[in-house]
Protein chains: 2
Amino acid sequence: MKHKIGLIGCGTVGQGLLEILDKKAAALRERHGFEAKVVAISDKLKGSVLDPDGLDIKALLGVLGAGKTLDAYPGGKGPAAALDPLDMIEKTDAGIIAEMTYTDIKTGEPATSYIKKALRAGKHVVTSNKGPAALHYAELKKTAQAGGLQFRIEGTVMSGTPVFHLAEAGLAGNEIREVQGILNGTTNFILSKMELDDMDYGDALKLAQKLGYAEADPTADVEGFDAAGKVVILSNVLLGGAIAPADVKRQGISAITRDMVKAAKAEGFRYKLVGRAAKAGGAVEASVAPRKLPLTDPLAGVMGAQNALTFDTDLMGKVTIQGAGAGKIETGFSILSDLLAIDRAVSA
Amino acid sequence: MKHKIGLIGCGTVGQGLLEILDKKAAALRERHGFEAKVVAISDKLKGSVLDPDGLDIKALLGVLGAGKTLDAYPGGKGPAAALDPLDMIEKTDAGIIAEMTYTDIKTGEPATSYIKKALRAGKHVVTSNKGPAALHYAELKKTAQAGGLQFRIEGTVMSGTPVFHLAEAGLAGNEIREVQGILNGTTNFILSKMELDDMDYGDALKLAQKLGYAEADPTADVEGFDAAGKVVILSNVLLGGAIAPADVKRQGISAITRDMVKAAKAEGFRYKLVGRAAKAGGAVEASVAPRKLPLTDPLAGVMGAQNALTFDTDLMGKVTIQGAGAGKIETGFSILSDLLAIDRAVSA
C-alpha cells in the first residue's frame with residue numbers, strides 16, 4: 001500500500017530512516033507492496049518542510065548530510081520560522097507520524113504531547129523514544145485502539161532487533177513469565193573490555209568515551225538508568241505491568257572491579273549488567289543489576305556493544321534474541337519495521 | 001476468529017498441539033480472539049475420527065495418553081477401519097489442515113500428497129514435516145497463493161523457536177544475505193559433552209542414545225543429514241534458493257576427536273556443527289560441517305540440545321535467535337504459532 005508519513009525529529013534516527021527509504025524503495029515495493037512518501041518534517045534544530053505530494057528524499061539527505069537546515073530545501077523553513085510539531089500534525093495529511101525526538105525519561109515530553117495529538121488526529125504513530133513508552137504506554141495504546149489506530153514502539157528497546165515483533169508474532173500464544181536481558185551496549189562494552197583486555201573500570205570507561213559508546217557524563221548508562229527505562233517498557237508492554245522507572249531496583253556497574261571480574265572468570269562466571277522483569281503474584285518485579293552469569297547462560301556470550309533479551313515462556317521455555325542495540329541504520333530500521341507492520345495490518 | 005482444524009498424524013506433535021489447545025483455550029480466546037475446534041483426525045497407527053461439531057479434546061487426550069487407538073473414542077475408528085488422510089480431507093469441513101506425519105526426506109511422501117490435496121480443497125495448511133518443506137516448498141507455496149491460502153512451516157527447522165516468523169515480521173525489510181545455525185540438538189549435545197565432560201565421541205554418543213537424544217542408528221543426526229534438510233528449507237524459504245538436499249555440502253561430526261576439541265578450546269575456539277546457506281551470485285551455497293567458532297560468536301555459547309540461527313542482513317547486521325530445537329510441546333506450539341498467524345491474516 002501507499003503511505004504518507006510525517007517525521008517529528010530528523011536527527012540520527014530520522015536520517016537513518018530516510019537513507020533506508022531511499023536505498024530500498026524498489027525492494028520494499030516489489031517484495032512487500034510498500035510505498036512511502038515522506039510528506040512532512042518538523043525538527044527543532046533543522047526546521048520544517050511540508051509537501052503533500054512527497055518530499056525528495058535524496059535532496060533532503062543532501063541538505064541534512066551537509067549539516068544544513070531545512071531552509072536549504074525548496075519550500076523549507078529554518079528553525080526560526082519552522083512549524084512546531086503540533087502545528088505540523090494539524091497541517092499534514094500524513095496517515096502515519098514517526099516520532100523520533102530525544103528521550104526525556106523524567107517527563108516523556110514533549111514527545112508524549114506530539115503522540116497524543118497525532119493519535120487524536122487519526123494518525124498511526126511509531127516511535128523510537130523511550131520516554132512516552134516508559135511513562136505513558138498504556139494510555140497511548142488505549143487511545144490508539146479506541147481510534148482503530150496503531151501505536152508501535154519497536155525501536156525503544158534494542159533498536160531494530162525485533163523484541164516486540166517477536167513477542168507479538170512468533171511467541172504469540174505463550175505466556176511470558178519473565179524477561180531478562182543485556183539492554184545497554186555501553187556497559188556491556190565496558191565489562192567485556194575489563195575481562196577480555198584485563199582493564200580497570202576507569203580505563204574501560206575512558207575507552208568507551210573515546211570510541212563514542214559512552215557520553216562525557218556516563219551516569220545514565222553506567223548507573224543503569226538507561227537499562228531501567230527499557231525494563232519499564234518491557235514490563236508494561238510484555239508482562240502487563242504498570243510500573244514507573246522509580247519502581248525498578250537499580251544498581252550500576254561502577255562498583256565492579258577488575259579483581260571481581262577476574263575472580264568470577266576463574267569460577268566460570270561472567271559479570272553482565274542484567275535488566276530483568278518478572279511476574280510475581282499479580283504484580284511485576286523489575287530490576288537492573290550486575291549479575292554473575294554462568295557461561296552456559298545465553299546472555300553470558302553477548303560481548304561488546306551487542307544487546308540480547310531472553311524470554312521465559314510457558315510453552316517454549318527460554319527463547320533468546322541477540323542483535324544490535326543502537327545505531328543510525330539499526331534504529332532507523334526499527335521505524336521501518338513498525339511501518340511495515342502497520343502496512344500488513346491495514347492491507348490484510 | 002473460530003477455526004475448524006483437521007489433524008493428519010496424531011503422534012507426539014499432534015498430541016502436544018492437543019494439550020496446548022486444551023490447556024490454553026481460555027487464554028487464546030481472551031488474548032487473541034482465537035478459537036479452534038478439532039473436527040477431524042487421521043493417523044496411520046491411531047485410526048480416525050470426524051465430528052464437524054468439534055471433538056472433545058480432553059477425551060481424546062485420555063484415549064491417546066493411555067496408548068489406545070481412536071476406536072476407544074465415541075464414533076472413532078481403529079487403524080484397520082480408519083479413513084485415509086486423503087479421504088479425511090474430502091469429508092471434513094475443516095478450513096485448516098495440520099500435517100504432522102513423519103518426515104521422509106527422500107520423497108516427501110505421503111505428506112506432500114496430503115498437503116496438495118488439502119490446498120486444492122481450499123484449506124490452509126500448516127506442517128512440521130521437513131520432507132514437503134525441503135523438497136516441494138516453492139510448488140506448495142505457489143499452489144497456496146493461487147488459492148488465496150496459507151502454507152506455513154514454522155515447525156520444520158527449530159520446532160517452535162520462531163525463525164520464519166522472525167524473518168517474516170521483525171526482520172521484514174532486510175535482505176537476508178546468509179543464515180548459519182546450530183540446527184541439530186543431538187550433535188550439539190554430543191559436542192558439548194565432549195568438551196565440558198572431556199568425553200570421547202563414542203561415549204558421548206552412547207550417552208545421547210541413553211538419554212533419548214540420539215536414535216539407535218544415529219546416522220541422520222551425526223552425519224549431518226538432518227541439519228542438511230533444514231539448510232535446504234532455510235535456503236529455499238529465506239534466501240530464494242531452489243536447491244535440493246543433494247546440493248548441500250555435508251560433513252558430520254563422527255571424525256571429531258576429543259583431542260581436536262581440546263586443542264580448539266586451548267586456542268579459544270569451540271567445535272559446532274554449523275548449517276549454513278549464503279547467497280552467492282544468483283545462486284545459494286549451502287553446507288553442513290563442523291566448524292571451529294571463536295567464543296565471541298553467538299553460536300559458540302549454544303550448549304546442550306539447544307538450537308540457534310544467525311541471520312546476516314543488510315540493515316540489521318547479525319541477529320541471532322536461540323531456543324529449543326525439539327520437544328512435544330515446543331513442536332506442538334510451532335503448529336499453534338502458524339494457526340495464530342493464519343488467524344491474524346484472515347481476521348485483519
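A note on names: the letters A, B, ... follow the listed sequences, proteins ahead of strands, and every chain is numbered from 1. Just so it is clear, the structure is predicted and the values come from calculations on it, not from any experiment.
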Heavy-atom side-chain proximity of B:S159 to A:M316 below 4.5 angstrom: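 In short, these two side chains touch, coming nearer than 4.5 Å.
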
Below 4.5 Å, heavy atoms only, C-beta onward: do A:E175 and B:R31 meet side chain to side chain?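 Touching, per the 4.5 Å side-chain cut-off.
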
Under 4.5 Å from a heavy atom of chain B, the part of A:L28 involved: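 Interface part for A:L28: side chain.
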
Given heavy-atom pairs under 4.5 angstrom as the criterion, report whether the side chain, backbone, both or neither of A:A27 touches chain B.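 Neither; nothing under 4.5 Å.
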
Over 12 non-hydrogen atoms of neighbours within 6.0 angstrom of NZ in B:K23: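 Check fails, neighbour count at 12 or below.
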
OG1 on A:T320 to CD on B:Q306, rounded to 0.5 Å: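 So the CD of B:Q306 and the OG1 of A:T320 are separated by 7.5 Å.
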
Is it true that B:D314 and A:K24 make a salt bridge, defined as a side-chain N closer than 4.0 Å to a carboxylate O?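 Yes, charged N to carboxylate O under 4.0 Å.
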
Region of B:A172 that comes under 4.5 Å of a non-hydrogen atom in chain A: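 Both parts, backbone and side chain.
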
Least distance between heavy atoms, A:G170 atom then B:S337 atom: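 Between these two residues, the closest heavy atoms are O-CB, 4.1 Å.
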
Straight-line distance of B:D297 CG to A:M303 CE, nearest 0.5 Å: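 With rounding to 0.5 Å, CG (B:D297) is 13.0 Å from CE (A:M303).
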
Between A:V319, A:L171, A:L315, the one whose heavy-atom pairs under 4.5 Å with chain B are most numerous: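 So the answer, after comparing A:V319, A:L171, A:L315, is A:L315.
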
With a 4.5 angstrom heavy-atom cut-off, could you sort out which part of A:A341 is near chain B: side chain, backbone, both or neither?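 Neither part; nothing is under 4.5 Å.
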
By a 4.5 Å heavy-atom criterion (distance strictly below it), what part of A:L339 contacts chain B: side chain, backbone, both, or neither?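 For A:L339, there is no contact with chain B at all, as no heavy atom is under 4.5 Å.
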
Evaluate whether atom NZ of B:K318 has more than 12 neighbouring non-hydrogen atoms of other residues, nucleotides or ligands under 6.0 angstrom away.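 At most 12 heavy atoms, drawn from other residues, nucleotides or ligands, come within 6.0 Å of this atom.
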
Hey, does B:L166 have a side-chain heavy atom less than 4.5 Å from the side chain of A:I321?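 When only atoms from C-beta onward are counted, B:L166 and A:I321 do touch, with a gap below 4.5 Å.
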
Hey, which of A:I329, A:N174, A:T310 has the most heavy atom pairs under 4.5 Å with chain B?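 Ranked by heavy-atom pairs under 4.5 Å with chain B, first place is A:N174.
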
B:K328 atom NZ, over 12 foreign heavy atoms within 6.0 Å: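 For B:K328, atom NZ is crowded (more than 12 foreign heavy atoms under 6.0 Å).
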
Choice from A:G16, A:G317, A:P298, A:G304 maximising heavy atom contacts with chain B below 4.5 Å: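 The candidate making the most pairs under 4.5 Å is A:P298.
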
From A:L340 CG over to B:E168 CD, what is the distance, rounded to the nearest 0.5 angstrom?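 It is 12.0 Å, given to the nearest 0.5 Å.
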
